[in-house]
Number of protein chains: 2
Amino acid sequence: MPYQDGMYGCPVEVGLQMLGGKWKPRILFELFQGTRRFGELNRLIPQVSRHVLTVQLRELEESGIVERKVYPSVPPKVEYSITEFGKSLQPVLEQMIAVGEHYIGLKKRETDLR
Amino acid sequence: MPYQDGMYGCPVEVGLQMLGGKWKPRILFELFQGTRRFGELNRLIPQVSRHVLTVQLRELEESGIVERKVYPSVPPKVEYSITEFGKSLQPVLEQMIAVGEHYIGLKKRETDLR
DNA sequence: CCGTATCCGGGCAGATACTG
DNA sequence: CAGTATCTGCCCGGATACGG
C-alpha cells in the first residue's frame, strides 16, 4: 500500500510499535554488539523460533533499524547489522529500561509491605 | 500474584508495554496539559469507548504513571492526573515521536520515488 | 543454512447493554 | 457521571512441517 498522509497514526504510536515486538529489544541488544548471522542470533536467543525470528528481523528491516545482507553463496549466508538510524535508538531503549525498572521496583515494594 | 524475581521479562519490554496501549500516548498527551475528569477525556478523545478508556486508565494507574482521585459526591466525580513519575516520561515520549516520524518519512520517500 | 507455508490459541481492543 | 458486564473479532506469537 502506497503512502498516504495520515495513514499512520500518531508518531508516538508508530515508534512504540517499531520497538514493541516481543523479541525486538533482545535482538537489538545482540546487534548493538556487532554484526550477526541468522544462525548466530538463533543460538544467542534460543527461546525464539526461526519463524518468529525471521518475522521480527524483517519488521526491524522494514523500519530501517536493521540491515540485511545476503551473500549468494552455497550454503547461503545472511548477516544482520544495525543501521545508523538504529544506533540512534540506543539512548531511547536505555531510558525504557529505567521506565521498566521503576515499575518492577514498584511491584516489589507493594509485595514487601505485606 | 505477588512479586517474584524474574516474573517480569526484561525491563525494556516492561517499559514498552507500560506505554504501548492503543490509546495511552494520546491519554498522556491530554493529561500532560493538566488534570482531567473522565468525561472530559472521553470528549477530548471521542474515538475511544468508555470501556476501553477505563481499562487504559487503570493500566496507567497500575503503572504508577497516572493518579486517580475519586470525589464521593453525587453525581460522582473522578479526576485523573499525571504523577511525578509520569512527568519523567515526557522526554521518552518525545523521543518516540522522533522515531515514529523517521519511519513515516521513510515510507513517504519510498512512495515518492515511484 | 536460512528461510517459507500453514494452522492454532490467547490477549487486547471494540461494540453493546446495563448500573450505583 | 463514571463506570461494569459480556460478547466478539483480529492480530501476533508459537508450533510444526516443508523447501531452495
Side-chain angles (χ1 to χ4, degrees), chain A residues 1 7-10 12-28 30-31 35-63 65-81, chain B residues 1 7-10 12-28 30-31 35-63 65-81:
Chain A
M1 177 134 115
M7 73 175 290
Y8 305 108
C10 90
V12 191
E13 204 185 320
V14 174
L16 253 7
Q17 276 171 4
M18 287 167 65
L19 300 169
K22 178 91 184 271
W23 299 100
K24 286 175 191 169
R26 180 68 196 275
I27 293 169
L28 258 18
E30 301 298 343
L31 291 183
T35 298
R36 294 284 178 266
R37 296 187 54 175
F38 182 83
E40 275 186 285
L41 287 171
N42 206 177
R43 248 170 289 114
L44 289 163
I45 318 171
Q47 303 94 329
V48 65
S49 69
R50 281 192 310 248
H51 173 69
V52 172
L53 184 57
T54 304
V55 171
Q56 304 267 319
L57 280 166
R58 289 292 150 80
E59 288 177 11
L60 286 170
E61 191 192 0
E62 169 84 10
S63 307
I65 296 173
V66 156
E67 193 191 0
R68 179 168 175 267
K69 202 167 182 181
V70 182
Y71 298 84
S73 57
V74 180
K77 175 178 166 182
V78 182
E79 278 182 354
Y80 292 92
S81 56
Chain B
M1 176 134 88
M7 74 174 290
Y8 306 108
C10 90
V12 191
E13 207 185 317
V14 174
L16 254 5
Q17 277 172 4
M18 287 166 64
L19 300 170
K22 178 90 185 275
W23 298 99
K24 286 176 192 170
R26 181 65 197 277
I27 293 169
L28 258 17
E30 301 298 344
L31 291 184
T35 297
R36 295 284 179 265
R37 297 186 53 172
F38 182 84
E40 276 185 285
L41 286 171
N42 206 182
R43 248 172 289 113
L44 289 163
I45 319 172
Q47 305 92 331
V48 66
S49 69
R50 277 186 312 223
H51 174 70
V52 172
L53 183 57
T54 303
V55 172
Q56 306 266 318
L57 280 166
R58 291 291 150 87
E59 288 176 12
L60 286 170
E61 191 191 2
E62 169 84 12
S63 307
I65 297 171
V66 157
E67 194 191 359
R68 180 168 175 267
K69 202 167 182 179
V70 182
Y71 297 85
S73 55
V74 181
K77 173 176 167 182
V78 181
E79 279 182 352
Y80 291 92
S81 56

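Residue numbers start from 1 in every chain, and the chains themselves are labelled A, B, ... in the order their sequence lines are given, proteins ahead of strands. Note that the structure is a prediction, hence the values are computed from the model and not measured.
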Student: Please check if any side-chain donor atom of Glu79(B) sits under 3.5 Å from a side-chain acceptor atom of Tyr71(B), or the reverse.
Tutor: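 The criterion, which ignores hydrogens and geometry beyond distance, is satisfied for Tyr71(B) and Glu79(B).
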
Student: At under 4.0 Å, does any side-chain N or O of Trp23(A) touch on OP1 or OP2 of dC12(D)?
Tutor: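 Answer no for this pair, as no side-chain N or O of Trp23(A) is under 4.0 Å from OP1 or OP2.
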
Student: Using a strict 4.0 Å threshold on nitrogen-to-oxygen distance, state whether Arg26(A) and Glu30(A) make a salt bridge.
Tutor: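 Result for this pair is yes, salt bridge flagged.
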
Student: How close do Gly20(B) and Leu16(A) get, heavy atom to heavy atom, and via which atoms?
Tutor: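 Nearest heavy atoms, Gly20(B) then Leu16(A): CA-CG, 4.3 Å.
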
Student: Taking the minimum atom-to-atom distance to the side chain of Arg50(B), which one of dG13(D), dC1(D), dA17(C) wins?
Tutor: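 Minimum distance to the Arg50(B) side chain belongs to dA17(C).
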
Student: For Glu79(A) and dG3(C), give me the distance from atom CD to atom P, rounded to whole Å.
Tutor: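 Distance check: Glu79(A) CD to dG3(C) P gives 12 Å.
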
Student: Could you check how far CG of Leu60(A) sits from P of dC12(D), rounded to whole Å?
Tutor: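 That distance rounds to 14 Å.
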
Student: Does a side-chain N or O of Arg58(B) approach OP1 or OP2 of dT4(D) to a distance below 4.0 Å, or not?
Tutor: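 Result: yes.
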
Student: Output the single nucleotide from dG20(D), dG13(D), dG3(C) whose closest atom is nearest the side chain of Arg68(A).
Tutor: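 The answer is dG3(C), which lies nearest to the side chain.
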
Student: In whole angstroms, how far is the P atom of dC1(C) from the CG atom of Leu41(A)?
Tutor: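 Taking atom P of dC1(C) as the reference, CG of Leu41(A) is at 14 Å.
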
Student: Could you state the CG-P distance from Leu16(A) to dC12(C), rounded to the nearest angstrom?
Tutor: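 Distance check: Leu16(A) CG to dC12(C) P gives 15 Å.
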
Student: Is there a side-chain contact between Arg37(B) and the phosphate of dC1(D), meaning an N or O under 4.0 Å from OP1 or OP2?
Tutor: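 Checking dC1(D) against Arg37(B), no side-chain N or O comes under 4.0 Å of OP1 or OP2.
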
Student: Kindly point out which of dG3(D), dG3(C), dG14(D) is positioned nearest to the side chain of Val78(B)?
Tutor: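 In terms of side-chain proximity for Val78(B), the closest of dG3(D), dG3(C), dG14(D) is dG3(D).
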
Student: When we call it a touch if two heavy atoms are under 4.0 Å apart, what does Tyr80(A) touch: a base, just sugar-phosphate, or nothing?
Tutor: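 Sugar-phosphate only.
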
Student: Rounded to the nearest Å, what distance is computed from the CZ atom of residue Arg36(B) to the C1' atom of nucleotide dC1(D)?
Tutor: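 Whole-Å distance recorded here is 17 Å.
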
Student: Figure out the CZ/C1' separation between Arg26(A) and dG13(D), and round it to whole Å.
Tutor: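 These atoms are roughly 17 Å apart.
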
Student: Report the nucleotide, chosen from dC18(D), dG20(D), dA15(C), that has the shortest atom-to-atom distance to any side-chain atom of Pro76(A).
Tutor: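 Given the options dC18(D), dG20(D), dA15(C), the side chain of Pro76(A) is closest to dG20(D).
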
Student: Hey, does the side-chain of His51(B) have a donor or acceptor N/O within less than 3.5 Å of a partner on the base of dA13(C)?
Tutor: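 Between dA13(C) and His51(B), which were checked side chain against base, a qualifying N/O pair under 3.5 Å is absent.
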
Student: State which of dG3(C), dG14(C), dG3(D) makes the closest approach to the side chain of Thr54(B).
Tutor: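 Side chain of Thr54(B) sits closest to dG3(D).
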
Student: Quick one: closest heavy-atom pair of Leu31(B) and Leu41(B), and the distance?
Tutor: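 For Leu31(B) versus Leu41(B), the nearest heavy atoms are CD2-CD2, 4.0 Å.
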
Student: What's the CD-C1' distance between Glu59(A) and dC12(D), to the nearest Å?
Tutor: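 In whole Å, dC12(D) C1' and Glu59(A) CD are 9 Å from each other.
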
Student: Report yes or no: do Tyr80(A) and Arg36(A) form a side-chain donor-acceptor pair below 3.5 Å?
Tutor: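 No - no donor-acceptor pair under 3.5 Å links their side chains.
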
Student: Lys69(B) NZ to dG3(D) P: how many Å, rounded?
Tutor: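 About 15 Å, once rounded to whole Å.
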
Student: Between Gln56(A) and Gly39(B), just flag the one whose closest nucleotide in DNA chain D comes earlier from the 5' side.
Tutor: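 It is Gly39(B) whose nearest nucleotide is closer to the 5' end.
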
